[in-house]
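For the numbers below, each heavy atom of this structure counts, side chains included, while hydrogens, waters and symmetry mates do not.
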Amino acid sequence: IGSGTGAPNLQTTTSTLNNTFCTGDVVTFTATSTIAGSNFEFRINGGQIQNGTSNTYSRTIDGSIPPNALTGNYIVTVLVTSPGGCTATDTLTLFENNIPLPGGLTTASPTICSGDVPQPIVGATAVASGTVDYVWMRSLDNGVTYNTIGGAANAATYTPTSAIVTTTFYRRDIVSTLNLVSCTLEGAPIQVAVADPPTPGLTATAISGTKTASDTLEICPGEMVNFTATGGATYRFIGSGGVTLQSRSASSTFSTNTLINLDTVQVEVFNAGGCSSFSELITINIGSGTGAPNLQTTTSTLNNTFCTGD
């Protein structure tokens with residue numbers, strides 16, 4: 001029996017750890033024969049994928065090669081034929097660590113007010129080939145860069161615990177670990193928009209004139225003062241100590257004649273989305289020269305009585 005006529009001693013390996021790959025990975029198969037000039041025929045699940053003198057084969061295992069119907073794995077077979085016609089066969093099982101794409105993330109309030117805590121970011125439970133873990137990420141630059149959320153639970157749903165002041169994108173990555181091989185599926189992000197707060201305006205009008213928020217208004221005791229707010233859809237007028245003078249309503253005006261010295265009035269302005277902001281204060285001053293006069297009137301007549309022509 002001459003050189004090259006014996007059956008080759010065949011060993012087949014892959015480029016993966018524990019013959020396990022992530023969906024979309026390129027896998028390289030290598031067959032080693034002891035006889036030079038041998039021919040190598042590679043098959044996956046019975047279908048021929050390469051036949052020639054090359055002892056390596058690389059490809060992405062994708063939908064064009066369905067997994068074994070019974071096991072869900074890939075059976076790789078290499079038939080080596082020596083120049084003398086002798087053959088040897090080797091087989092290995094290739095495991096795909098697959099993470100099917102779950103449904104997208106949802107939240108009850110995709111738009112919130114600045115300073116509010118977002119509603120829970122809800123995701124469906126993922127099913128994968130291996131043990132599933134979740135990594136929650138967020139982006140503050142419109143989804144350009146993402147950072148891991150420290151302290152986020154390893155759970156399908158994330159419940160934020162801190163307020164946000166800028167539009168934030170949330171993303172859930174799914175990690176599946178099979179045969180010590182971890183694969184990651186990057187999830188689609190969801191945006192929680194932060195609405196711009198309204199710009200409040202407030203004026204107060206009395207006999208002395210009209211003043212705007214942050215000014216002081218001079219009035220007489222018991223004088224009727226008319227307040228007008230702008231910038232929103234609804235308004236709540238607030239007095240000294242945070243007391244509500246007029247409950248939230250669509251009315252942008254409020255009038256009162258019960259103000260006393262150093263009282264303050266401001267307005268909370270709400271936009272159509274329910275976000276609010278506060279105006280500066282208008283301070284009331286009842287100072288010298290603004291009080292009601294103490295009046296005494298006399299005449300040059302006796303008992304205030306005069307003759308015609310006097």
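Of all heavy-atom pairs spanning E280 and A213, the tightest one is O-CB, 3.5 Å. Among all heavy-atom pairs drawn from V76 and I44, the shortest one is CG2-CG1, 4.2 Å. Of all the heavy atoms in V269 and P200, the pair that sits closest is CG2-CB, 3.5 Å. Contact record, T107 with P120: OG1-O, 3.2 Å, taken as the closest heavy-atom pair. Scanning all heavy atoms of the two residues, the minimum distance from L202 to Q266 falls at CD2-CA, 3.7 Å. When every heavy atom of R172 is checked against every heavy atom of P102, the shortest pair comes out as NH2-CG, 3.5 Å.
If you check the side chains of T23 and N98, you find a donor sitting under 3.5 Å from an acceptor. In this structure, a donor-acceptor pair under 3.5 Å is present between the side chains of E268 and S276. In this structure, a donor-acceptor pair under 3.5 Å is present between the side chains of E41 and Q48. For the 3.5 Å distance criterion, the side chains of T210 and T205 qualify, holding a donor opposite an acceptor. Using modelled atom types and a 3.5 Å distance limit, the side chains of N97 and S176 yield a donor-acceptor pair. D133 and N154 are linked by a side-chain donor-acceptor pair at a separation below 3.5 angstrom, with hydrogens and angles left out of the test. N19 and T14 form a side-chain donor-acceptor contact under 3.5 Å, judged by distance and modelled atom types alone. Using modelled atom types and a 3.5 Å distance limit, the side chains of T91 and R43 yield no donor-acceptor pair.
Members clustered with I121: I99, L101, L105, I112, V132, Y134, W136, I149, Y158, I164, Y170, I174, L185, I190, V192, V194, by chain and number, using a 4.5 Å side-chain heavy-atom cutoff among hydrophobic residues. Residue L140 shares its hydrophobic cluster (ILVMFWY side chains chained together at separations under 4.5 Å) with no other residue. Hydrophobic clustering, defined by side-chain heavy atoms of Ile, Leu, Val, Met, Phe, Trp and Tyr closer than 4.5 Å, groups L17 together with L180, V181.
When side chains are defined from C-beta on, V80 does not count as touching T87, because their heavy atoms never get closer than 4.5 Å. Side-chain atoms of C275 and S114, non-hydrogen and from C-beta on, never get closer than 4.5 Å to each other. When side chains are defined from C-beta on, T77 does not count as touching D90, because their heavy atoms never get closer than 4.5 Å. Using a 4.5 Å heavy-atom cutoff, the side chains of D25 and I61 are not in contact. F21 places none of its side-chain heavy atoms less than 4.5 Å from the side chain of S15.
The hydrophobic cluster containing L217 also contains L245, counting ILVMFWY residues as joined when their side-chain heavy atoms lie under 4.5 angstrom apart, directly or transitively.
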*Kindly determine whether N147 and S139 satisfy side chain to side chain contact (heavy atoms under 4.5 Å, CB included), including the steps that lead there.*
CA-CA 7 Å; N147 295 298; S139 170; over 6 Å; no
*Candidate pair I238 and V243, rule side chain to side chain contact (heavy atoms under 4.5 Å, CB included), full reasoning*: CA-CA 6 Å; I238 306 164; V243 175; 6.0 Å; no
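The ring-ring contact (aromatic ring centres under 6.0 Å, His included) pairs that include a residue from residues 195-217 number zero, where partners must be two or more places apart or lie in different chains. Sorted by first and then second residue, the ring-ring contact (aromatic ring centres under 6.0 Å, His included) pairs with a member in residues 79-106 form an empty list; sequence neighbours excluded.
Between the D263 side chain and the I284 main chain, no donor and acceptor come within less than 3.5 Å of each other. In this structure, T203 contributes its side chain and T212 its backbone to no donor-acceptor pair below 3.5 Å. Between the side chain of T161 and the backbone N or O of T159 there is no donor-acceptor pair closer than 3.5 Å. Under the 3.5 Å distance criterion, the side-chain polar atoms of S251 are left unmatched by any main-chain donor or acceptor of S249. One N or O on the side chain of T256 and one on the backbone of T258 form a donor-acceptor pair closer than 3.5 Å. Side chain of N45 to main chain of Y74: no donor-acceptor pair is present (N/O by atom type, distance under 3.5 Å, no hydrogens or angles). The main-chain N or O of G130 is never found under 3.5 Å from a side-chain atom of T177 such that the two would form a donor-acceptor pair.
Under a cutoff of 6.0 Å and an axis angle of 45°, R138 and F169 do not form a cation-pi pair.
For D196, the CG atom sits in a loose shell: 12 or fewer heavy atoms of surrounding residues, nucleotides or ligands are nearer than 6.0 Å.
Checked against salt bridge (Lys or Arg N to Asp or Glu O under 4.0 Å), E96 has no partners two or more places apart in sequence or in another chain.
Atom OH of Y57 and atom CZ of F40 lie 16.0 Å apart (nearest 0.5 Å).
Look at R171 and E186 and you find a salt bridge, because one of the NZ, NE, NH1 or NH2 atoms lies within 4.0 Å of a carboxylate O, short of that distance.
Note: F237 and F227 have tilted aromatic rings, judged against thresholds of 30 and 60 degrees for the angle between ring planes.
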